[in-house]
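Taking it in order: structure first as structure tokens, then the write-up.
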Amino acid sequence: MRHLLDTKSLTKTDALRILDVAEDMADTQQREMKKLPTLRGRTVVNLFFEDSTRTRISFEAAAKRLSADVINFSAKGSSVSKGESLQDTAQTLQAMGADAVVIRHGASGAPRTLATSGWITAGVVNAGDGTHEHPTQALLDAYTIRKRRYAGDSRGRDLFGVHVTIVGDILHSRVARSNVWLLSTLGASVTLVAPPTLIPQDVSLWPARVEYDLDEAIAAGPDALMMLRIQLERMNAAYFPTEREYSRRWGLDAGRLRALRGDSIVMHPGPMNRGLEISAEAADSPRSTVLEQVTNGVSVRMAALYLLLAGAERDTDSTDATRKGDAR
Ligand code: CP
């Protein structure tokens, strides 16, 4: 794998490979000594032009657990504020020896530009670009669903027969886009639920059904209900009358949580707007996988970095890195 830019172009074989390697990585994290020497001598740069808690920290944890050197770059406080371009910023970091660049950027397509422009030779991982994609989020979501569905070893398994309902601000959500493509590639069926104003115009081209009534969608008994954050920072118009009205019609409250099928899980990529798209009862319930998703994110990002930086050399078996007494 040279870059990880989206899930739309990810084949089922590649997606399952990442999820399976993530399981190997998760196994190593049960050991007392969690650190692997796999990426010793490699440098991973986290290049974040937008705010992040989970993604930035888990990429840093993932790289460090693989023994890579990590450089964290945040646009805030950098020479970007003096007008330095993406090209010059990236080339500066490459000159410091970056082998992989993990980039979050407000502009859809920025990671692809970085990967294809010839400015740098490092592998590029998209950590969220504008409203386009957030592939490692979708991979950790699929990983979480698969682990819950196949309680033991889920290696090699797809998501055929799984029904995932994604609720909320679909229009602005790169998480929704990445999930729709990945989940459908893995065989799951996807339903989107939102006010008509928060459904993208091109949704008919997506492999997903669209509904507008959350209670009907819950009555259909999805295996996973994924609540999305209302992205107020990307809204330049009124997409719903009031937050109270949004919450009443499309929020997951205690009543809707009770109506959800007994074994359905409640997901949210975070950060959550508690009381808006999800109530505290739902977010903190035993059916919520919110923190499990965060934990799984480290394993999935370890897998992505491993396949990007070591996978080509050791294309056969990630357990090379995880079984031979390598843990430090
Ligand atoms: N889910 C997610 O991308 O969270 P952060 O914005 O905190 O990275």
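Every number for a ligand or one of its atoms is a count from 1 in the order of the listing.
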Q137 neighbourhood, listing ligand 1 atoms whose heavy-atom distance to it stays under 4.0 Å: 1 (N), 2 (C)
Could you list which atoms of ligand 1 come closer than 4.0 Å to a heavy atom of T55? 2 (C), 3 (O), 4 (O), 5 (P), 8 (O)
Should E50 be listed as contacting ligand 1, given a heavy-atom distance under 4.0 Å as the test? no
Any heavy atom of G270 sitting closer than 4.0 Å to ligand 1? yes
I need the nearest protein heavy-atom contact for atom 6 (O) of ligand 1: residue, atom name and distance, please. R104 NH1, 2.9 Å
Minimum-distance protein heavy atom relative to atom 4 (O) of ligand 1: R54 NE, 3.1 Å
Which option wins on minimum heavy-atom distance to atom 7 (O) of ligand 1: V294, D51, T53, L140? T53
Verify whether one side chain among [X] and [Y] offers a donor that lies under 3.5 Å from an acceptor in the other.
X	Y	answer
Q293	H268	no
N296	T144	yes
T121	Q94	yes

Short N or O distance, H134 and ligand 1, threshold 3.5 Å exclusive: yes
Could you tell me whether R104 sits above the aromatic face of F48, with NZ or CZ closer than 6.0 angstrom to the six-membered ring centre and within 45 degrees of the axis? no
Below 4.0 angstrom, N of the basic side chain to O of the carboxylate: do K8 and D6 qualify? no
Indicate yes or no: does D27 engage R155 in a salt bridge with an N to O separation below 4.0 Å. yes
